[in-house]
Amino acid sequence: MSTPKSEFLKTLTERGFIHQCTDLAALDERLSLGPVAAYIGFDATADSLHIGSLVQIMTLRWLQKCGHKPVVLIGGGTSQIGDPSFRDASRPLLDGELIARNAAGLRQVFSRYLTFGDGPTDAVTVDNADWLDPLRYLPFLRHFGTHFTINRMLSFDSVRQRLEREQPLTLLEFNYMVLQAFDFLELSRHHACVLQMGGSDQWGNIVNGIELARRIDQRQLFGLTTPLLTTSTGAKMGKTASGAVWLNAEKLSPYEFWQFWRNVEDDDVARFLRLFTELPLDEVHRLGQLAGQEINEAKQILAMEATRLAHGEEAARDAAETARRTFEAGEHAAGLPSIDLSRAELDSGVTVAQLLVQAGLSASKSEARRLVLNNGARLNGSLVQDADTPVTAGDLTKGALKLTVGKKRHVLVHVSD
RNA sequence: GGGGGAAUGUCCCGAGCGGCAAAGGGGGCGGACUGUAAAUCCGCUGGCUAUGCCUUCGUAGGUUCGAGUCCUACUUCCCCCA
């Protein structure tokens with residue numbers, strides 16, 4: 001298809017968000033007619049979302065910007081099952097209380113990226129537990145079971161791999177796609193939702209919903225998937241030294257979030273600017289041309305823009321300033337990750353190794369010792385010679401000291417009385 | 001129902017004549033080189049009150065001075081025959 005007419009598809013196409021679409025031309029037509037409600041489902045498997053979901057979140061954000069209505073589906077019901085798509089083993093089952101807590105965390109993340117409310121293009125949140133929990137087994141099977149053939153369900157890549165490896169797929173998990181299909185039907189009926197988006201692994205689940213609505217309601221729905229993101233070296237996106245790149249400030253500070261983007265590989269910069277910022281494409285293009293030393297400018301802009309979206313303008317500026325003071329001026333910038341140590345603990349004799357563990361920079365004292373042996377640990381900028389050296393009040397500057405592991409991981413230790 | 005294989009370091013893959021904290025990769029971390037990048041090279045990659053002690057090879061027992069390694073039972077998975 002040539003250039004889409006609709007603002008939304010045009011943007012998504014240009015910025016590299018589209019992997020597959022069930023009927024791009026018809027969807028484009030529909031989007032050009034007026035506001036459209038579209039949804040993406042998020043299972044409540046953790047109390048925050050991480051960068052792996054950011055592409056999806058950005059598509060919802062663009063949707064809203066282009067004058068349409070985002071519907072955020074929290075999978076309070078489906079989380080009780082666990083999506084088996086492209087997985088070799090089933091997931092641990094989550095209990096209701098945990099799911100509820102996770103769902104609350106998810107809502108918090110979305111509130112930063114979308115505008116919620118009652119207006120025609122305001123985002124809304126729905127929870128599929130509301131309609132899945134009350135379902136009765138036999139009536140459900142009789143109404144909807146006849147529209148799914150096992151033959152077809154088995155043909156989807158998302159489950160076929162599992163079967164080919166002869167890994168067990170339980171009836172429970174196998175039902176996941178049926179329930180997700182039902183979600184789409186439900187949302188099309190009660191929220192006028194005509195489009196479901198998602199990662200490329202969701203293709204099978206999405207198509208099932210479209211088929212179901214076509215058979216039962218004779219309604220045309222659409223599906224659109226985004227590409228699976230890997231870094232240019234082929235690694236899975238979204239890992240840092242300390243774990244996943246969470247979008248929630250309580251789980252990953254804005255500074256660390258900023259650092260993640262700042263450290264992206266050169267070859268990913270242009271692509272990430274298109275996907276994870278809202279900079280105009282000609283600006284993205286200009287930044288993408290930068291090479292060598294200069295590409296660091298583009299990385300700082302990427303970090304700034306991505307952090308602004310996730311944590312707000314002020315937090316983004318603070319993160320940038322903390323990075324500048326730490327890396328360019330070599331100071332003890334206040335915005336660094338920090339831990340507290342009581343004066344009593346200090347006086348009773350704390351070694352560097354113990355402090356490294358407390359700061360989360362080493363998993364164990366043994367690891368801390370090895371780190372020191374490899375010249376990998378610094379105290380206030382100077383190399384630590386012996387991991388068992390006690391830290392003393394003399395190491396403090398303004399009541400704090402700085403531990404550094406490698407070149408990038410800094411933690412401030414505040415000592416209080 | 002019968003026969004044959006497999007399970008290894010809590011990230012993964014994988015070698016392991018009865019002396020094993022256990023080869024080799026990948027990944028991760030650190031160092032050198034750089035640009036807070038990549039590639040490359042080097043080192044490290046169970047814990048601790050640390051020249052020693054403790055915990056690790058699917059689970060539970062057994063043989064042995066000593067078991068990842070041998071025996072028995074069990075669990076799960078794979079292959080072949082019915």
Side-chain angles (χ1 to χ4, degrees), chain A residues 87-90 92 161-170 230-245 253-273 287-304 306-307 319-331 333 335-337 348-354 356-379 381-390 402-411:
Chain A
R87 286 176 172 265
D88 274 350
S90 52
Q161 287 182 7
R162 176 89 156 258
L163 296 173
E164 278 170 0
R165 294 183 197 182
E166 312 213 21
Q167 300 290 329
L169 177 71
T170 63
T230 53
T231 67
S232 60
T233 42
K236 226 182 249 175
M237 269 275 289
K239 287 283 180 185
T240 64
S242 45
V245 182
S253 71
Y255 166 75
E256 289 169 284
F257 188 79
W258 193 94
Q259 280 295 318
F260 169 79
W261 297 105
R262 175 63 181 82
N263 284 299
V264 138
E265 291 160 29
D266 286 8
D267 293 345
D268 289 328
V269 172
R271 190 163 52 114
F272 287 180
L273 281 167
L287 293 169
Q289 298 294 306
L290 299 177
Q293 175 78 270
E294 290 191 323
I295 202 169
N296 284 325
E297 184 201 334
K299 290 186 187 181
Q300 285 180 14
I301 291 171
L302 170 65
M304 184 67 199
T307 308
E321 176 60 12
T322 298
R324 192 194 63 74
R325 291 180 54 188
T326 302
F327 289 94
E328 291 170 31
E331 299 172 13
L336 290 171
S348 65
V350 180
T351 65
V352 175
Q354 287 171 321
L356 283 168
V357 174
Q358 279 191 42
L361 291 168
S362 292
S364 66
K365 272 180 275 179
S366 297
E367 189 183 295
R369 292 201 179 94
R370 278 183 236 120
L371 193 65
V372 169
L373 285 176
N374 286 327
N375 290 336
R378 284 168 189 275
L379 174 63
S382 51
L383 217 50
V384 177
Q385 302 296 337
D386 179 0
D388 293 314
T389 321
K402 184 170 77 166
L403 284 174
T404 304
V405 165
K407 294 185 184 67
K408 299 179 199 168
R409 298 156 67 201
H410 306 271
V411 172

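Values in this document were obtained by computation on a predicted structure and should not be read as measured data. Residue numbers begin at 1 in each chain, while the letters A, B, ... track the order of the sequences.
G47(B) and C65(B) are spaced 34 Å apart, taking the P atom of each and rounding to whole Å. Spacing between U64(B) and U69(B) at atom C1', rounded to whole Å, works out to 13 Å. Across A73(B) and U56(B), the matching C1' atoms stand 23 Å from one another, rounded to whole Å. Atom P of G31(B) sits at a distance of 37 Å from the matching atom of G58(B), rounded to the whole Å. Rounded to the nearest Å, the gap between the C1' atom of G24(B) and that of U72(B) is 34 Å. Here the separation of G61(B) from A67(B), taken at their P atoms, is 14 Å to the nearest Å. Nucleotides C81(B) and C29(B) place their P atoms 48 Å apart, quoted to the nearest Å. Comparing the same atom, P, in U45(B) and in U75(B) gives a spacing of 39 Å after rounding to whole Å.
Regarding Phe260(A), its CZ atom lies at a distance of 14 Å from the C1' atom of U36(B), rounded to whole Å. Whole-Å rounding puts the Asp388(A) CG to A50(B) C1' distance at 10 Å. Note: CZ (Phe257(A)) to P (U36(B)) measures 22 Å, nearest angstrom. A straight line from CD of Gln293(A) to P of A38(B) spans 15 Å, rounded to a whole angstrom. If you take CD of Glu328(A) and C1' of G35(B), they are 12 Å apart, rounded to a whole angstrom. Atoms CG (Leu356(A)) and C1' (C44(B)) sit 15 Å apart, rounded to a whole Å. Taking atom CD on Gln300(A) and atom P on U36(B), their separation rounds to 10 Å, with Å as the unit. Atom P of nucleotide C44(B) and atom CG of Leu361(A) are separated by 22 Å, given to the nearest angstrom.
When the nucleotides U45(B), G35(B), A37(B) are ranked by their closest atom to the side chain of Arg370(A), U45(B) comes out on top. The side chain of Arg409(A) lies closest to G30(B) when the candidates are A37(B), G30(B), U36(B).
Note on Leu373(A): nothing from the nucleic acid sits closer than 4.0 angstrom, heavy atoms only. Glu294(A) comes within contact range of no nucleotide atom at all, as no heavy-atom separation falls under 4.0 Å. Among the heavy atoms of the strands lying under 4.0 Å from Val264(A) are primed sugar atoms or P, OP1, OP2 only; no base atom is included.
Mapping Ile295(A) and Ser364(A) onto RNA chain B by nearest heavy atom places Ile295(A) closer to the 5' end of the strand. In terms of position along RNA chain B, the nucleotide closest to Ala291(A) lies nearer the 5' end than the nucleotide closest to the other residue of the pair Arg369(A) and Ala291(A).
Under 4.0 angstrom from either OP1 or OP2 of U49(B) there lies at least one side-chain N or O belonging to Lys365(A). Lys408(A) has no side-chain polar atom (N or O) that falls below the 4.0 Å cut-off from OP1 or OP2 of G35(B). Proximity of Ser366(A) to the phosphate of C48(B): a side-chain N or O atom is located under 4.0 Å from OP1 or OP2.
With a cut-off of 3.5 Å on both Watson-Crick or G-U wobble distances, the partner of A6(B) is given as U76(B). The base-pairing partner of G68(B), taking Watson-Crick or G-U wobble contacts with both distances under 3.5 Å, does not exist among the strands shown. Across all strands shown, A37(B) remains unpaired; no Watson-Crick or G-U wobble contact has both distances below 3.5 Å. Partner assigned to U55(B) is none, using Watson-Crick or G-U wobble distances below 3.5 angstrom. A 3.5 Å limit on both hydrogen-bonding distances identifies no Watson-Crick or G-U partner for A21(B). Across all strands shown, the partner of G1(B) is C81(B), judged by Watson-Crick or G-U wobble contacts whose two distances both fall under 3.5 Å. Under the Watson-Crick or G-U wobble criterion, with both distances below 3.5 Å, G30(B) is paired with C42(B). A 3.5 Å limit on both hydrogen-bonding distances identifies no Watson-Crick or G-U partner for U63(B).
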Give the C-alpha distance, both sets of side-chain angles, the deciding distance and a yes or no for side-chain contact (heavy atoms from CB on, under 4.5 Å) between Leu403(A) and Leu379(A).
-> CA-CA 5 Å; Leu403(A) 284 174; Leu379(A) 174 63; 4.0 Å; yes
Chi angles and distances behind the side-chain contact (heavy atoms from CB on, under 4.5 Å) call for Arg369(A), Lys365(A) = CA-CA 6 Å; Arg369(A) 292 201 179 94; Lys365(A) 272 180 275 179; 4.1 Å; yes
Do Leu287(A) and Val269(A) pass the side-chain contact (heavy atoms from CB on, under 4.5 Å) test, and can you show the C-alpha distance, the side-chain angles, and the key distance before you say yes or no?
-> CA-CA 8 Å; Leu287(A) 293 169; Val269(A) 172; 5.7 Å; no
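For C20(B), the base is syn relative to its sugar; the glycosidic angle is within 90° of 0.
Side chain of Lys299(A) to backbone of Val264(A): a donor-acceptor contact under 3.5 angstrom is found. Counting only distance, with no hydrogens or angles, the side chain of Glu294(A) and the backbone of Leu290(A) share no donor-acceptor pair below 3.5 Å. Of the possible donor and acceptor atoms, one in the side chain of Gln354(A) sits under 3.5 Å from a partner among the backbone N and O of Thr351(A).
Here CD of Gln259(A) is found 9.5 Å from OG1 of Thr307(A). Values are rounded to the nearest 0.5 Å. Atoms CG and CD1, from Asp267(A) and Ile295(A) in turn, are 7.5 Å apart once rounded to the nearest 0.5 Å.
In this structure, Glu321(A) pairs ionically with Arg324(A), as a charged nitrogen and a carboxylate oxygen lie closer than 4.0 Å.
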What pairs of nitrogen or oxygen atoms, one from the protein and one from nucleotides 31-33 of chain B, lie under 3.5 Å apart?
{"unit_1": "A32(B)", "atom_1": "OP2", "unit_2": "Lys407(A)", "atom_2": "NZ", "d": "3.3"}

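Each of Lys402(A), Glu256(A), Arg409(A) was evaluated against Leu336(A); a single residue qualifies, Lys402(A), per the side-chain contact (heavy atoms from CB on, under 4.5 Å) test.
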